[in-house]
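See structure below.
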Amino acid sequence: QKEVEQDPGPLSVPEGAIVSLNCTYSNSAFQYFMWYRQYSRKGPELLMYTYSSGNKEDGRFTAQVDKSSKYISLFIRDSQPSDSATYLCAMSDGTNTGFQKLVFGTGTRLLVSP
Amino acid sequence: EPEVTQTPSHQVTQMGQEVILRCVPISNHLYFYWYRQILGQKVEFLVSFYNNEISEKSEIFDDQFSVERPDGSNFTLKIRSTKLEDSAMYFCASSKGPEPQHFGDGTRLSIL
C-alpha cells in the first residue's frame, strides 16, 4: 500500500463548479496536512495547511482532514480557469523543531474550462 | 512576498560530471530542504538541514550527494558523479520552523 494515494486525473470541470480533490494515506503518525498548487514548470505553491483533524477555510478554498478515515480533501468553490493546475497533497508527522520530511501524493491535474 | 530562488533554472551535464545546484532560501528561515521530482512521478524528499547539519535524509541521498550552506544566504546540493537516473527537477524549500515549507521553482537537471 502506498503511503499517500491521490488520483492523478485529469479532472475537467466547467467554470463556476465546486471541485473536490482528495488523498488517502496509510501512516497514522501524520499530523500535518498540506495542499500545494503547481503550475507547469513552477515549484509547489502552498495553498492550505491543517494540523490534525478538522476544517480550515481560506476564501474559495476549504481543507478537511478526517484522521479516523485517513482521508483529506480540498474543496474549491466557484472554480476559475486560473485554478487549472496540478494539486498536490503533502503530509508530515512533524517534530517539535520543524516539519521535516514531507510525503507527497502524485498530484491531481485540474482543468477548469471557461 | 519573499520567495525561495534557485539557479540555474536548467542544467545540462554529461554523465559522470559533478553538478552544484544553488538555492537562496527565504532570509529568516532556519530549516532547509531538497526534494526532487522525476518526470511524471511524485515529489520526493531528499534531505533536510538545520543548524549547519543534516537532520534527516532519504535512501536516495547516498554518498554521491552532499549539501552545504557556504554562507548566510546560499544552500547548495552537490551531486558528485552524475548518473542518467539523476535527471529530474530539483526543488529547494525552506521554513521558519513548525510551519509548512515554501518551495522554489526548481532546477531542471538533464544528464546526457
Side-chain angles (χ1 to χ4, degrees), chain A residues 2-10 23-27 29-52 56 58 61 63 65 72 74 85-109, chain B residues 1-10 21 23-26 29-51 53-61 88-110:
Chain A
K2 293 181 182 177
E3 203 165 14
V4 178
E5 299 215 43
Q6 187 176 10
D7 187 333
C23 288
T24 59
Y25 63 94
S26 58
N27 187 348
F30 288 145
Q31 300 182 65
Y32 298 90
F33 303 91
M34 282 133 280
W35 286 95
Y36 286 86
R37 178 173 62 195
Q38 187 176 26
Y39 292 113
S40 181
R41 298 186 183 278
K42 293 286 191 179
E45 172 195 1
L46 180 67
L47 280 177
M48 303 280 289
Y49 79 96
T50 51
Y51 170 70
S52 194
K56 187 171 185 178
D58 184 2
F61 299 91
V65 175
I72 70 170
L74 177 71
T86 297
Y87 289 79
L88 310 173
C89 63
M91 38 200 89
S92 169
D93 56 15
T95 67
N96 288 331
T97 56
F99 270 25
Q100 301 295 330
K101 176 178 75 175
L102 293 181
V103 180
F104 282 85
T106 53
T108 298
R109 188 165 164 233
Chain B
E1 185 173 323
E3 56 183 29
V4 176
T5 57
Q6 292 186 242
T7 55
S9 57
H10 187 197
L21 309 182
C23 169
V24 178
I26 295 172
H29 284 188
L30 302 175
Y31 297 83
F32 313 113
Y33 309 83
W34 284 100
Y35 291 80
R36 81 171 185 190
Q37 186 175 30
I38 293 171
L39 186 64
Q41 297 187 25
K42 292 184 180 187
V43 176
E44 299 175 287
F45 169 79
L46 290 178
V47 65
S48 58
F49 191 86
Y50 170 71
N51 201 25
E53 59 183 30
I54 291 173
S55 51
E56 188 173 357
K57 60 183 180 180
S58 73
E59 297 167 351
I60 303 166
F61 194 88
M89 285 291 290
Y90 287 80
F91 294 108
C92 174
S94 68
S95 68
K96 273 188 206 175
E99 63 175 46
Q101 297 159 31
H102 296 264
F103 285 76
D105 281 338
T107 293
R108 182 157 65 107
L109 178 62
S110 300

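Quick note on labels: first sequence line is chain A, next is B, and so on, each numbered from 1.
- In this structure, no portion of A/Q6 lies under 4.5 Å from any heavy atom of chain B.
- Atom CG of B/D105 is separated from atom CZ of A/R41 by 12.0 Å, given to the nearest 0.5 angstrom.
- More than 12 non-hydrogen atoms from other residues, nucleotides or ligands lie less than 6.0 angstrom from NZ of A/K56.
- B/T107 meets the side chain to side chain contact (heavy atoms under 4.5 Å, CB included) test with B/Q6, B/P8, B/Q11, B/L21; sequence neighbours excluded.
- Residues forming a ring pair (Phe, Tyr, Trp, His ring centres under 6.0 Å) with A/Y87 (at least two apart in sequence, or on another chain): none.
- Of the two parts of B/E3, neither the backbone nor the side chain holds a non-hydrogen atom closer than 4.5 Å to a non-hydrogen atom of chain A.
- In this structure, no portion of A/Y51 lies under 4.5 Å from any heavy atom of chain B.
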